[in-house]
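First the proteins, then the strands, lettered A, B, ... as listed; each starts at 1.
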Amino acid sequence: MRTHLCGTLRSEDVGTRATVCGWVAKRREHGEHLAFIDLRDHTGIVQCVVPGTVDVRSEYVVAVEGEVRLRPAGTTNPDLPTGEVELHDCTVTVLNAAEPPPFPVDDRVDVDEVIRLKHRFVDLRRPTMQANLRLRAKVNSSLRAAMDRQGFLEVETPLLWAPTPEGAREFAVPSRLHHGSCYVLPQSPQLAKQLLMVAGVDRYYQVARCLRDEDLRADRQFEFSQLDIEASFVTQEDVLSFVSEAVLDAAEAATGQRPGPVPTMTWAEAMDRYGTDKPDIRFAMELVDLTAVFATTEFRAFSAPCVKAIVLDGGAGLSRSRLDALTDRAKALGAKGLAWFKVTQNEDGVTGIESPVAKFLSDDEQSGLVAATGATVGDLILTVADDYRLTCHVLGALRLELGGRPVSEGPYAYLWVVDFPMFDGVDDAGNPVAAHHPFTMPHPEDIDRLESDPASVRSQAYDLVLNGWELGSGSVRVHRADIQARIFSVLGISDEEAASRFGFLLGAFRFGAPPHAGFAVGLDRLVAIFAGEDNIREVIAFPKTQSGWDPMTDAPKPLAAGALRDLGLQPIPKLD
RNA sequence: GGACCUGUGGUGCAGUUUGGAGUGCACGCCGCCCUGUCAAGGCGGAGGUCGCGGGUUCAAAUCCCGUCAGGUCCGCCA
């Protein structure tokens with residue numbers, strides 16, 4: 001039907017007759033003897049010259065036949081890759097007329113999200129969205145190639161799986177043949193891939209769809225894709241190497257540049273220095289520990305288990321209302337308050353601090369504060385005093401708000417965060433909660449303290465971070481029944497409970513489970529960052545709104561009565 | 001479950017603080033003109049439940065209450 005693609009025509013093609021197909025991006029009529037059509041396909045736009053009037057409108061689907069020629073002197077368009085040439089003396093065939101589009105099909109305006117999603121098929125015609133779809137395919141393909149090259153086997157796993165009441169809320173799929181019972185859609189293929197290790201697959205990967213019925217965010221949709229990986233007879237170092245290879249390849253495929261080796265940081269160091277387990281290491285503004293400075297303070301607000309600070313260079317000029325807003329933000333994040341100190345200089349050139357709480361601090365504490373933070377005249381020091389986790393959480397968030405840049409802005413700073421804690425807090429019954437999942441192998445140096453001091457036990461779990469976004473996580477798995485039993489015991493999971501929840505996995509492990517470890521890389525986030533997008537919706541063909549609504553299909557919708565009956569379902573009124 | 005921001009012709013905005021006729025801008029759309037434009041240009045025209053409901057007022061896009069939707073975030077996401 002066509003001989004060329006619109007965006008690919010160049011001066012080398014001059015003299016050839018060409019037929020191109022696409023959508024009318026723009027029509028410009030100059031009377032009865034001349035008209036221009038800018039024709040768009042997925043490769044770009046080319047100008048077609050028609051010797052007369054032309055009965056087309058924006059977004060008509062047309063085929064245009066003409067001769068490629070250099071544009072007349074003085075009429076080239078440097079803004080178009082095809083700007084040196086044009087299709088001349090064209091014949092236009094309308095393949096399909098179109099109503100005016102609901103919004104402009106270009107990248108110049110930010111259209112309301114609902115309108116874009118309702119007409120996603122139009123939205124995706126825009127050059128940026130086309131580029132995002134194509135970038136995603138390219139990244140996807142480079143990841144697959146990297147895994148193939150490293151000896152991994154692609155295996156698909158079921159979407160209809162069994163409930164595993166641990167972790168994220170699952171989407172349920174009622175069974176027609178088994179009234180009252182449900183499958184669930186997998187929050188990840190975690191258990192399936194471990195079974196594949198027992199099955200001797202050795203090295204597995206899959207670009208897997210994962211589904212989690214949790215609240216949506218800029219970096220979270222109900223359904224998302226992971227490069228899911230699992231390998232047998234490997235160490236943590238091996239997994240980090242496999243994944244690094246894949247994501248560095250992906251970066252190179254996406255951007256043309258290969259970042260350097262991925263640095264590694266322990267979880268403890270990440271929390272200490274950045275207040276988060278997913279630090280954006282593109283900028284410093286690190287947390288400073290002041291606990292020692294205020295160890296004997298008379299100031300009640302600072303007599304806490306942990307006192308930390310961040311310094312905003314040149315921040316002493318911040319207005320009172322801005323500081324109040326920061327204080328409100330800190331409180332919203334859980335802090336009791338936020339103490340700020342402007343580093344000032346008096347007429348004699350002596351450095352001092354200006355703060356509503358300065359009068360509560362001794363001279364030594366004031367000078368110690370400035371010395372420890374390294375702040376200089378004109379800077380702003382923000383301090384939080386609370387327990388360790390909360391202090392880190394609040395200052396880590398303020399650090400990002402005050403010093404951070406959009407996630408999608410280069411450079412691309414990958415980071416491995418290793419040695420996560422095995423447990424994170426306690427549940428209602430006072431039992432420790434698994435930080436990763438209950439099949440995570442404890443750190444070999446800490447395993448003896450599993451029962452005596454679980455809070456101090458590190459695990460062989462690790463995260464990959466890119467520009468402050470968690471790109472994925474993984475762990476070395478428990479493959480020995482004795483260690484697994486000890487972990488379940490610490491978690492307060494009885495033998496019966498373990499058997500009912502994970503019986504098929506534990507059963508399989510009795511038949512020869514190899515040591516194994518794995519990882520999963522969030523594909524949507526990875527592509528979004530490379531695409532320069534701060535929301536993964538922009539790299540997903542048909543995403544949902546933050547409330548989980550699809551304006552195009554109007555899903556979710558009530559089921560017809562007959563369908564409900566087939567599934568053995570009956571709606572009940574919404575509970576308050 | 002909670003906080004904040006947003007909602008005005010098809011699209012993007014201004015107008016809301018300080019109530020006074022649906023007022024304005026740009027794009028798009030329709031008609032006419034135009035032989036080198038490319039965000040073409042000129043002339044003319046159509047197009048509105050100011051998200052929805054209630055309240056205050058002589059009078060509400062504007063003030064108040066509620067509600068719906070979108071966005072960002074906290075909780076949540078092993």
Side-chain angles (χ1 to χ4, degrees), chain A residues 25-39 45-53 57-59 71-80 82-83 86 88 99-119 122 164-170 187-188 190-191 210-222 224 325 328-335 393-394 397 400-401 420-425 427 432-440 459 461 470 473 475 491 493 501-502 520 522 534-535 537 544-549 551 576:
Chain A
K26 200 74 196 178
R27 174 202 56 161
R28 292 180 292 279
E29 282 192 316
H30 289 246
E32 60 181 320
H33 299 296
L34 177 66
F36 299 98
I37 292 174
D38 287 344
L39 193 67
I45 284 175
V46 68
Q47 172 166 282
C48 308
V49 186
V50 182
T53 59
R57 293 289 189 275
S58 287
E59 302 308 313
R71 293 190 181 195
T75 66
T76 59
N77 185 349
D79 297 331
L80 282 182
T82 61
E86 62 190 7
H88 183 246
E99 294 179 16
F103 50 86
V105 185
D106 61 44
D107 294 322
R108 289 196 300 272
V109 287
D110 289 325
V111 178
D112 180 80
E113 198 63 34
V114 171
I115 295 167
R116 290 181 61 195
L117 292 183
K118 182 165 184 171
H119 305 274
V122 173
T164 48
E166 187 84 24
R169 192 178 298 112
E170 294 162 322
Q187 50 181 298
S188 81
Q190 181 61 40
L191 301 180
C210 305
L211 299 109
R212 297 180 186 174
D213 189 3
E214 298 288 352
D215 288 359
L216 284 61
R217 286 282 196 287
D219 60 350
R220 283 163 29 191
Q221 285 268 314
F222 282 153
F224 58 98
D328 288 345
R329 177 69 183 143
K331 286 178 177 170
L333 289 163
H393 173 63
V394 173
L400 279 182
E401 287 180 23
F420 270 65
M422 185 78 188
F423 306 103
D424 184 14
D427 63 17
V433 176
H436 189 59
H437 61 58
F439 314 109
T440 303
S459 67
E470 181 190 323
S473 60
S475 64
L491 292 170
I493 299 174
R501 284 200 205 173
F502 315 113
D534 295 328
N535 193 304
R537 279 194 306 268
K544 295 182 175 51
T545 69
Q546 194 161 27
S547 68
W549 177 44
D576 288 330

With RNA chain B as reference, determine whether Gly167(A) or Pro102(A) sits nearer its 5' end, using the nearest nucleotide of each. Pro102(A)
Quick one: does Leu191(A)'s side chain get under 4.5 Å of Phe439(A)'s, heavy atoms only? yes
Have a look at Thr440(A) and say if it touches a base, only the backbone sugar-phosphate, or nothing, with a 4.0 Å heavy-atom cut-off. nothing
Nearest-Å distance once atom C1' is located in both G36(B) and G31(B): 24 Å
Taking C-beta and beyond as the side chain, do His30(A) and Phe36(A) meet within less than 4.5 Å on heavy atoms? yes
Side-chain ion pair, Asp38(A) and Arg28(A), N-O less than 4.0 Å: yes
Any strand: nucleotide that pairs with A40(B) via Watson-Crick or wobble, under 3.5 Å: none
Run the side-chain contact (heavy atoms from CB on, under 4.5 Å) test on Asn77(A) and Gln47(A) for me, step by step, so that the C-alpha distance in whole Å, both residues' side-chain angles and the decisive distance to 0.1 Å come before the verdict. CA-CA 10 Å; Asn77(A) 185 349; Gln47(A) 172 166 282; over 6 Å; no
Provide a list of protein-nucleic acid N or O atom pairs under 3.5 angstrom, restricted to nucleotides 72-75 of chain B.
{"from": "U72(B)", "atom 1": "OP1", "to": "Asn535(A)", "atom 2": "ND2", "distance (Å)": "2.2"}
{"from": "C73(B)", "atom 1": "OP2", "to": "Ala218(A)", "atom 2": "N", "distance (Å)": "3.3"}
{"from": "C73(B)", "atom 1": "O2'", "to": "Arg329(A)", "atom 2": "NH1", "distance (Å)": "3.4"}
{"from": "C73(B)", "atom 1": "O2'", "to": "Arg329(A)", "atom 2": "NH2", "distance (Å)": "3.3"}
{"from": "C74(B)", "atom 1": "OP2", "to": "Arg217(A)", "atom 2": "NE", "distance (Å)": "3.3"}
{"from": "G75(B)", "atom 1": "N7", "to": "Arg217(A)", "atom 2": "NH2", "distance (Å)": "2.8"}
{"from": "G75(B)", "atom 1": "O6", "to": "Asp215(A)", "atom 2": "OD2", "distance (Å)": "3.4"}
{"from": "G75(B)", "atom 1": "O6", "to": "Arg217(A)", "atom 2": "NH1", "distance (Å)": "2.8"}
{"from": "G75(B)", "atom 1": "O6", "to": "Arg217(A)", "atom 2": "NH2", "distance (Å)": "3.1"}
{"from": "G75(B)", "atom 1": "N1", "to": "Asp215(A)", "atom 2": "OD2", "distance (Å)": "2.6"}
{"from": "G75(B)", "atom 1": "N2", "to": "Asp215(A)", "atom 2": "OD2", "distance (Å)": "3.3"}

Between C4(B) and C43(B), how far apart are the two P atoms, rounded to whole Å? 48 Å
Near-parallel close stack of His30(A) and A40(B) base (under 5.5 Å, under 30°): yes
When we call it a touch if two heavy atoms are under 4.0 Å apart, what does Ala397(A) touch: a base, just sugar-phosphate, or nothing? nothing
Could you state the CG-C1' distance from Asp424(A) to C77(B), rounded to the nearest angstrom? 13 Å
Looking at Thr545(A), I'd like to know whether one of its side-chain N or O atoms comes within less than 4.0 Å of OP1 or OP2 on G70(B). yes
Taking atom P in both C13(B) and A3(B), what distance in whole Å separates the two? 26 Å
Considering only the C1' atoms, how many Å lie between G45(B) and G53(B), rounded to the nearest integer? 36 Å
Expressed in angstrom and rounded to an integer, what is the separation of Asp107(A) atom CG from G12(B) atom C1'? 15 Å
Tightest non-hydrogen contact, residues Val114(A) and Asp112(A), listed as N-OD2, 3.1 Å
Determine the contact category for Glu86(A): base if any of its heavy atoms lies under 4.0 Å from a base atom, sugar-phosphate if only primed atoms, P, OP1 or OP2 are that close, otherwise nothing. base
Closest non-hydrogen contact found for Ala168(A) with Gln187(A) is N-OE1, 3.2 Å
Does Glu32(A) contact U35(B) through a side-chain donor or acceptor facing the base, at a distance under 3.5 Å? no
Using side-chain heavy atoms (C-beta onward) and a distance below 4.5 Å, is Leu211(A) in contact with Phe222(A)? no
Roughly, in whole Å, what's the span from CG in Asp79(A) to C1' in A40(B)? 14 Å
C1' spacing across the pair U35(B) / G41(B), given as an integer number of angstrom: 13 Å
G36(B) C1' sits how many Å from Asp38(A) CG, rounded? 13 Å
Between Arg329(A) and Glu401(A), is there a salt bridge with N-O shorter than 4.0 Å? yes
Quote, to the nearest angstrom, the P distance that separates C64(B) from U16(B). 14 Å
For Pro432(A) and Leu491(A), which heavy atoms make the closest approach, and how far apart are they? O-CD2, 3.3 Å
The reported gap from CG in Leu39(A) to NZ in Lys26(A) (rounded to nearest 0.5 angstrom) is 14.5 Å
Give a yes or no on whether a donor-acceptor pair under 3.5 Å exists between the nucleobase atoms of C38(B), that is its base, and the side chain of Arg71(A). yes
Hey, what are the protein-to-nucleotides 27-33 of chain B N/O distances that come in under 3.5 Å?
{"from": "G28(B)", "atom 1": "OP1", "to": "Lys26(A)", "atom 2": "NZ", "distance (Å)": "3.1"}
{"from": "C30(B)", "atom 1": "OP1", "to": "Arg57(A)", "atom 2": "NE", "distance (Å)": "2.9"}
{"from": "G31(B)", "atom 1": "OP2", "to": "Arg57(A)", "atom 2": "NH2", "distance (Å)": "3.1"}

Heavy atoms only, 4.0 Å cut-off, all strands: where does Asn77(A) land among base, sugar-phosphate and nothing? base
Nearest-Å distance, CD (Glu170(A)) to C1' (C77(B))? 13 Å
Scanning all shown strands, the Watson-Crick or wobble mate of A26(B) with both distances under 3.5 Å is U11(B)
pair_partner(C63(B)), Watson-Crick or wobble, both distances < 3.5 Å, evaluates to G55(B)
State whether the side chain of Arg537(A) and the backbone N or O of Thr545(A) hold a donor-acceptor pair below 3.5 Å, judged by distance alone. no
Please state how far atom NE2 in His33(A) lies from atom C1' in U37(B), giving the value in whole angstrom units. 16 Å
Within the structure shown, what part of the strands sits under 4.0 Å from Ser473(A) by heavy-atom distance: base, sugar-phosphate, or nothing? nothing
Touch check for Ile115(A), heavy atoms < 4.0 angstrom, all strands: base, sugar-phosphate only, or nothing? sugar-phosphate
Please tell me if the side chains of Asp219(A) and Glu470(A) come closer than 4.5 Å, counting only heavy atoms from C-beta onward. no
Could you let me know what G47(B) is paired to, Watson-Crick or G-U wobble, both distances under 3.5 Å, or none if it's on its own? none
Ranking Asp110(A) and Leu80(A) by the position along RNA chain B of their nearest nucleotide, the one closer to 5' is Asp110(A)
Can you measure Arg116(A) atom CZ to G10(B) atom C1' for me and round it to whole angstrom units? 17 Å
For atom CG of Asp213(A) and atom C1' of C77(B), their distance in whole Å: 11 Å
Under 4.0 Å: is that the gap between some side-chain N or O of Arg28(A) and OP1 or OP2 of A40(B)? yes
Is Glu113(A) touching bases, backbone alone, or none of the nucleic acid, heavy atoms closer than 4.0 Å? sugar-phosphate
Partner nucleotide of A69(B) by Watson-Crick or wobble geometry (both distances under 3.5 Å): U6(B)
Could you tell me whether Asp110(A) atom CG has more than 12 heavy atoms of other residues or ligands within 6.0 Å of it? no
Given the P atoms of A46(B) and C25(B), what is the spacing between them in whole Å? 14 Å
Face-to-face contact Phe103(A) to U11(B) six-ring, under 5.5 Å, under 30°: no
Distance check, C1' atoms only: G48(B) and A61(B), in whole angstrom units. 11 Å
